[in-house]
Protein chains: 2
Amino acid sequence: MASRVRIEDVAEAAGVSMKTVSRVLNREPNVREQTRERVLEAVEKLRYIPHISARSLAGNRSFLIALLYNNPSDNYLMGIMSGVLAACEQQQYNMMLGPLEWDSRRMVTQFDELIGRSRPDGVVLTPPVTDAPALLARLAELEIPFASISPKIRKDVVGVGMDEKQAAFDMVSHLVSLGHRRIAHISGHPAHGATKWRIAGYQQGLKQARLEYDPTLVVPGQFSFDSGVEAARALLGLKQRPTAVFAANDDMAAGVVAVALERGLRVPEDLSVGGFDDIPLSSQTFPPLTTVHQPVRDMGRLATLELLADIQRPGTGRMLHVPHTLQLRRSTGPAPA
Amino acid sequence: MASRVRIEDVAEAAGVSMKTVSRVLNREPNVREQTRERVLEAVEKLRYIPHISARSLAGNRSFLIALLYNNPSDNYLMGIMSGVLAACEQQQYNMMLGPLEWDSRRMVTQFDELIGRSRPDGVVLTPPVTDAPALLARLAELEIPFASISPKIRKDVVGVGMDEKQAAFDMVSHLVSLGHRRIAHISGHPAHGATKWRIAGYQQGLKQARLEYDPTLVVPGQFSFDSGVEAARALLGLKQRPTAVFAANDDMAAGVVAVALERGLRVPEDLSVGGFDDIPLSSQTFPPLTTVHQPVRDMGRLATLELLADIQRPGTGRMLHVPHTLQLRRSTGPAPA
DNA sequence: CTGTTAGCGCATTCAG
DNA sequence: CTGAATGCGCTAACAG
């Protein structure tokens with residue numbers, strides 16, 4: 001078995017008491033630098049690794065962060081997860097997963113079970129659960145610290161977000177600069193905070209270019225490939241077809257491309273298509289998609305770091321903002337003459 | 001705070017000793033059915049939830065299963081993960097993640113750290129780490145129970161696998177039935193156990209159809225989109241072009257489609273393309289891919305169930321086999337005249 | 001079939 | 001700045 005070494009052994013080896021070792025390990029004050037070093041040496045030599053269950057039990061905390069999600073995009077989630085894991089590892093925390101159903105009653109039930117069983121010290125919320133009122137209420141009730149990723153409202157919340165509106169604006173500006181004047185938008189799932197920001201950015205982009213806002217060019221989607229297909233059918237069936245479509249995520253953009261190709265339209269010669277998220281698919285279809293790249297892994301990592309800070313010193317956690325970049329690929333091109 | 005209720009409170013409420021409650025909760029024998037029910041009632045009424053850290057500490061087990069991986073496919077992983085989670089939940093276990101680097105020295109180091117910190121009671125191995133000799137050796141050395149998903153060698157191993165060879169054979173037979181006679185294969189990453197099985201199935205498929213095996217039609221890939229692109233370039237550059245390509249996974253198949261479309265070839269009219277895995281991408285490109293579907297979530301779930309059985313009663317875990325299905329979509333069609 | 005007694009390995013009082 | 005005692009909530013032996 002791994003490490004039968006206990007804190008007691010380390011204490012003996014270093015010629016100090018258990019408590020002193022504990023102090024050093026937990027970075028508590030009141031340890032002379034010299035003893036501190038002796039202890040660390042002993043730890044090193046004996047290859048001591050603290051027993052996490054014992055720490056939890058005695059210290060009344062679990063060293064566990066739960067990642068809550070209800071998100072159809074595997075790639076997005078894996079990115080976030082990878083970041084959360086990295087942050088946890090760095091601080092000797094563990095991560096656990098909390099897949100939640102979307103129905104708000106069941107969501108809360110599942111959440112309660114998760115909390116009951118594993119008692120995480122804090123949770124990271126990913127969209128769309130970030131904005132689920134019932135969950136947020138329960139979190140407040142239980143006084144569980146949390147960090148939100150891309151929440152709809154960012155005031156007084158710890159977490160990380162991106163300037164969604166600006167990103168959408170950038171995409172539209174890009175299309176405008178290519179000469180497009182009939183630019184459609186397929187919006188996202190209405191429950192996602194991002195959806196309204198992306199619409200706002202779209203509108204602002206039009207305004208900036210002095211293009212008239214045409215409601216028939218804005219079709220609601222659900223962030224799924226199928227909803228993109230459906231929206232594209234509507235859009236491409238219009239008497240006055242758009243020459244460019246900005247979809248609120250890549251899955252829907254892929255749906256648009258599929259419909260276009262199926263109808264014999266060339267992308268981007270006949271139709272330009274822009275997406276959002278930069279999922280792997282974007283670079284693995286023909287043509288590869290122009291999209292907005294967000295640093296997903298960093299978002300997971302930073303949100304977790306802020307959460308951990310807030311757990312360790314309440315009130316310390318902040319709302320961070322990360323930069324986006326417009327990833328130009330081949331699905332967008334000059335507007336047809 | 002959630003549940004300040006302790007086992008002691010339950011014992012008192014039920015009029016029995018702590019130990020009896022413990023027995024009931026752990027499904028140990030030697031409890032009269034009647035007392036058993038009294039205890040369960042008390043548990044229910046008090047909404048008692050055992051404290052996992054205390055259980056771990058006292059019982060010298062962590063109720064933790066680690067999922068080890070080094071796999072580029074987010075979708076595959078999320079599927080497996082979802083299954084592992086489901087199995088864990090059902091048995092009151094928790095899951096943790098162990099992303100590993102591929103370099104065998106670092107892999108083992110990372111593994112050791114993971115084990116040291118969280119002391120899982122067992123681990124689930126996903127390809128390609130399933131077949132990493134250094135890791136397997138360490139696992140044996142530490143005597144940690146494990147389950148393997150799709151390992152290269154299945155004898156005397158607990159886990160779950162699929163008949164990869166048969167699946168590849170089925171795909172080739174499908175292409176043959178469409179009239180194809182020049183069928184190429186892009187093989188997978190050489191370290192994956194599946195790779196050789198899929199090649200074997202491909203060869204057997206040709207043999208069955210009395211088609212000559214032509215080594216120039218077999219190009220090595222890496223399971224990545226880019227390697228698929230590269231292989232496709234080679235294949236489509238041949239003087240005697242194949243009319244069908246069977247790629248060992250969907251990412252590479254997507255690469256083949258992209259190259260074909262780029263060159264103005266129609267899929268499937270000019271070139272049929274078959275994949276493997278049935279990732280979401282397969283149904284989200286144009287044209288949607290004909291591929292082999294494997295029940296990934298079930299594989300994760302079953303492997304974990306077998307692992308848990310083996311942990312609870314050593315020697316009980318088995319190697320299970322799950323069925324595959326050929327998912328026919330539009331990337332395959334009759335061979336051109 | 002059931003209860004009692006001791007720890008599991010650590011952090012947390014509170015003294016020095 | 002450091003140490004000795006106490007208990008976190010549960011299970012494992014051993015009694016009965």
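Treat the numbers as computed from the prediction; the structure is a model and nothing was measured. Within every chain, numbering begins at 1; the chains are lettered A, B, ... in the order of the sequence lines, protein sequences first and strands thereafter.
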message = Applying side chain to side chain contact (heavy atoms under 4.5 Å, CB included), can you list everything that pairs with A:Arg23, at least two apart in sequence or on another chain?
response = A:Lys19, A:Thr20, A:Glu28, A:Val31
query = With A:His324, which residues qualify under ring-ring contact (aromatic ring centres under 6.0 Å, His included), at least two apart?
reply = none
message = According to ring-ring contact (aromatic ring centres under 6.0 Å, His included), who are the partners of A:His51, at least two apart in sequence or on a separate chain?
response =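 So A:His51 forms no ring-ring contact (aromatic ring centres under 6.0 Å, His included) with any residue.
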task = Give, ordered by number, those residues of residues 13-20 of chain A having at least one heavy-atom distance below 4.0 Å to an atom of DNA chain C; if nothing qualifies, reply none.
result = A:Met18, A:Lys19
query = Dot-bracket for DNA chain D: what is it, with Watson-Crick or G-U pairs under 3.5 Å, [ ] where a pair crosses earlier ones, and | for a pair to another strand?
reply = ||||||||||||||||
query = Crowded around B:Arg318 CZ? As in, over 12 foreign heavy atoms under 6.0 Å?
reply =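 Not more than 12 within 6.0 Å, no.
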Contact list for residues 66-79 of chain B, test side-chain hydrogen bond (donor to acceptor under 3.5 Å, both in side chains), sequence neighbours left out = A:Asp74-B:Asn75, A:Asn75-B:Asp74
ask   = Which residue pairs pass the side-chain hydrogen bond (donor to acceptor under 3.5 Å, both in side chains) test with at least one member in residues 136-146 of chain A, sequence neighbours excluded?
value = A:Asp112-A:Arg138, A:Arg138-A:Glu141
A:Thr316 side chain vs A:Arg313 backbone, donor-acceptor pair below 3.5 Å =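 Pair found, side chain donor or acceptor close to backbone of A:Arg313.
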Donor-acceptor under 3.5 Å (B:Thr130 side chain, B:Ser150 main chain) = no
request  = Walking along DNA chain D from 5' to 3', note the first and the last nucleotide with an atom under 4.0 Å from a heavy atom of chain A, and give both.
outcome  =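 Taking any atom under 4.0 Å from a heavy atom of chain A, the span is D:dC1 to D:dG9.
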inquiry  = Evaluate B:Ser82 against B:Arg297 for side-chain hydrogen bond (donor to acceptor under 3.5 Å, both in side chains), listing each step before the verdict.
reply    = CA-CA 6 Å; B:Ser82 159; B:Arg297 186 171 191 276; 2.6 Å; yes
Sequence neighbours left out, cut at 3.5 Å: what donor-acceptor pairs do the side chains of residues 84-95 of chain A make with other protein atoms?
none

query = Within the structure shown, what part of the strands sits under 4.0 Å from B:Thr35 by heavy-atom distance: base, sugar-phosphate, or nothing?
reply =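 Result for B:Thr35 = sugar-phosphate.
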ring-ring contact (aromatic ring centres under 6.0 Å, His included) pairs, two or more places apart, involving residues 110-129 of chain A = none
message = So, using side-chain hydrogen bond (donor to acceptor under 3.5 Å, both in side chains) as the criterion, who are the partners of B:Arg301 when residues are at least two apart?
response = B:Asp298
Pairwise 5' ranking along DNA chain C for B:Arg36 and B:Ala54, keeping only the more 5' one =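 That would be B:Arg36.
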ask   = Which comes earlier along DNA chain C counting from the 5' end, the contact point of A:Leu57 or that of B:Asn30, where each point is its nearest nucleotide?
value =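 Upstream on the strand: B:Asn30.
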inquiry  = Can you give me the first and the last nucleotide of DNA chain C (5' to 3') that has an atom within less than 4.0 angstrom of a non-hydrogen atom in chain B?
reply    =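 Answer, 5' to 3': C:dC1 to C:dG9.
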key: Audit row: A:Asn26, A:Arg55, side-chain hydrogen bond (donor to acceptor under 3.5 Å, both in side chains) steps and yes/no   = CA-CA 11 Å; A:Asn26 294 308; A:Arg55 292 216 320 175; 3.2 Å; yes
